[in-house]
Amino acid sequence: MRYIDQLLQGAEVEWKKLGEVAEIRRGRVISKGYLNENAGLYPVYSSQTENMGEIGRIRTFDFDQESITWTTDGAKAGTVFHRKGRFSITNVCGLIKIRDIQVISYRYLYYWLSIEAKKHVYSGMGNPKLMSNQVERIPIPIPPLHVQQEIVRILDKFTELETELETELELRKQQYERYRDQLLAPDKGLAETEVEWKKMGEIFETRNGYTPSKANADFWTNGTIPWYRMEDLRTKGRILEDSIQHITPQAIKGKGLFKAGSIILATTATIGEHALLIADSLANQQFTNFSIRKSLADSLIPKFIYYYFFVIDEWCKQNVNVSSFPSVDIERLKSVLFPIPPLHVQQRIVSLLDKFHTLTTSISEGLPRELELRKQQYAYYRDQLLSFER
């Protein structure tokens, strides 16, 4: 027997359109200027989903109640939030007020709309929308109130566990960054041992990335060589073995591929992001490649270089050439000092930071893996609990 059938124990489930059980309305235009001129205590929610949809706070409020809001426009159209208290919403946000909470509860309706609302988004003309007339027609299953409450109790527990893991992961990331900065600080971690300092230009050979001509199919068709863009760092992390896009050997020019064990650093546009390459590859022109000189190859561990480049990232962010196109002055960067501690010290630092790195980034172990499993578990039980037959 399905779990939802066990909860229902033969009780009927009534189906109604959302407009039959709730009042639907939209927000009003609230400009950035209005937010600045009327700054206060009460949140204003809009179409964004970051920060729970909050875009600012003002002195007044339009609503003082429990309700559900939804995003009406854009890529996140159909995203819903459960609200309580005093707040306002903009014109790209809608509000749902239940007529009788003895018939249907807000939390239950929120969970149902979390999976159902996006099915009713209209994506014509390239701008996804979920307007009030569409929301009013969304079908809502209404089991007895005690069944709704049990569904909410179970799903709230999963949500609570997921929130706890997300909070723990964020705290661990902050701890990792503080610990990493202390270990690599010249006046702290590195001050405890004898360190040789050299200019980066003395340690690394630098080369610019490039984009092979997209017009030449021979450079791209059936390519097997990784070719990195910023999207790869955002989706595949900072230790790169493979890429989203690939090129062919015909696309290689000049001195050949960037070598495994070298670093790519974003020195234009999005500045101060880097990755360690663990396979021979190339990258686009946003990146500069830093490859250790052969004379120093036995003096530095690639993983130590990778970790110290977080310090270099910050230098780059603080030393951007302000012009029509932001960039890093590579010649100035070459004069920045880089540490060469004894190999056993490098290995100790790498070992310590690897543990934090695994805990905070690994999708096969650590907190991200645990969080992903919890999300899958929540999605499974949510689908089981909300699988009503019409």
Side-chain angles (χ1 to χ4, degrees), residues 4 12-31 42-56 61-145 147-149 151-152 155-156 159 378-379 382-390:
I4 186 59
E12 290 188 7
V13 176
E14 185 178 10
W15 286 81
K16 290 190 175 183
K17 294 178 180 179
L18 182 56
E20 296 180 82
V21 297
E23 299 173 8
I24 312 295
R25 61 179 298 179
R26 293 283 293 276
R28 61 187 173 93
V29 175
I30 300 178
S31 66
Y42 304 111
V44 176
Y45 301 117
S46 189
S47 62
Q48 70 172 41
T49 56
E50 295 81 9
N51 195 31
M52 297 294 290
E54 183 180 318
I55 60 168
F61 55 89
D62 294 339
F63 306 100
D64 183 6
Q65 63 190 54
E66 186 175 9
S67 56
I68 292 170
T69 65
W70 86 91
T71 297
T72 65
D73 292 69
K76 302 297 184 179
T79 303
V80 297
F81 293 96
H82 181 202
R83 310 289 191 194
K84 289 182 179 180
R86 297 172 174 179
F87 62 90
S88 299
I89 58 174
T90 71
N91 59 308
V92 287
C93 195
L95 182 134
I96 300 166
K97 182 181 179 181
I98 293 174
R99 291 192 173 94
D100 187 352
I101 59 173
Q102 298 303 314
V103 174
I104 185 169
S105 76
Y106 275 104
R107 197 70 181 161
Y108 167 78
L109 181 59
Y110 161 75
Y111 280 123
W112 175 255
L113 291 176
S114 293
I115 57 174
E116 186 68 19
K118 289 183 182 295
K119 299 177 184 178
H120 299 265
V121 172
Y122 174 70
S123 299
M125 306 299 289
N127 182 28
K129 290 180 178 294
L130 182 59
M131 299 292 99
S132 299
N133 61 332
Q134 296 163 294
V135 171
E136 289 175 346
R137 294 196 294 268
I138 294 177
I140 308 296
I142 308 176
L145 198 59
V147 175
Q148 296 179 39
Q149 292 167 344
I151 291 171
V152 167
L155 294 182
D156 273 354
T159 301
Y378 163 74
R382 180 196 63 196
D383 293 345
Q384 291 291 314
L385 289 165
L386 297 174
S387 58
F388 297 102
E389 294 181 355
R390 298 208 58 170

Please list every donor-acceptor pair under 3.5 Å in which a side-chain atom of residues 44-51 meets a protein atom from a residue at least two apart or in another chain.
residue: S46; atom: OG; partner: T90; partner atom: OG1; Å: 3.0
residue: Q48; atom: NE2; partner: E50; partner atom: O; Å: 2.9
residue: Q48; atom: NE2; partner: E54; partner atom: O; Å: 2.9

What are the two closest non-hydrogen atoms of [X] and [Y], and how far apart are they?
| X | Y | answer |
| --- | --- | --- |
| I30 | S88 | CD1-CB, 4.2 Å |
| P128 | A77 | O-CB, 3.9 Å |
| I96 | S67 | O-CB, 3.4 Å |
| F388 | V13 | CD2-CG2, 3.9 Å |
| I4 | Q384 | CB-O, 3.7 Å |

Atom pair CG (L95) and OG1 (T72), whose distance is rounded to the nearest 0.5 Å: 12.5 Å
Approximate separation, where rounding is to 0.5 Å, of I89 CD1 and T71 OG1: 10.0 Å
Donor-acceptor contact present, side-chain R99 to main-chain A22, <3.5 Å: yes
Taking side chain as C-beta onward, heavy atoms only, is [X] less than 4.5 Å from [Y]?
| X | Y | answer |
| --- | --- | --- |
| W70 | L113 | no |
| L18 | L109 | yes |
| I98 | V103 | no |

side-chain hydrogen bond (donor to acceptor under 3.5 Å, both in side chains): pairs with one or both residues in residues 101-118, sequence neighbours excluded: T79-K118, H82-R107, R107-Y111, R107-D156, Y111-D156, Y111-T159, E116-K119, E116-H120
Contacts of type salt bridge (charged side-chain N to carboxylate O under 4.0 Å, His left out), residue D62, not counting sequence neighbours: R28
Sequence-distant partners of R86, salt bridge (charged side-chain N to carboxylate O under 4.0 Å, His left out), two or more places apart: D64
Sequence neighbours left out, what passes side chain to side chain donor-acceptor pair (under 3.5 Å) with [X]? Give chain and number order.
| X | result |
| --- | --- |
| K76 | none |
| R83 | T69 |
| R25 | none |

For Y42, all residues meeting ring-ring contact (aromatic ring centres under 6.0 Å, His included), sequence neighbours excluded: F61
Partners meeting ring-ring contact (aromatic ring centres under 6.0 Å, His included) with F81 (sequence neighbours left out): none
More than 12 heavy atoms from other groups under 6.0 Å of CD1 on I101: no
Show me the side-chain donor-acceptor pairs of residues 131-145 shorter than 3.5 Å, one per line, residues at least two apart or across chains.
residue: Q134; atom: OE1; partner: M131; partner atom: N; Å: 2.6
residue: R137; atom: NH1; partner: N133; partner atom: O; Å: 3.3

Listed partners of E20 passing side chain to side chain contact (heavy atoms under 4.5 Å, CB included), at least two apart: K16, K17
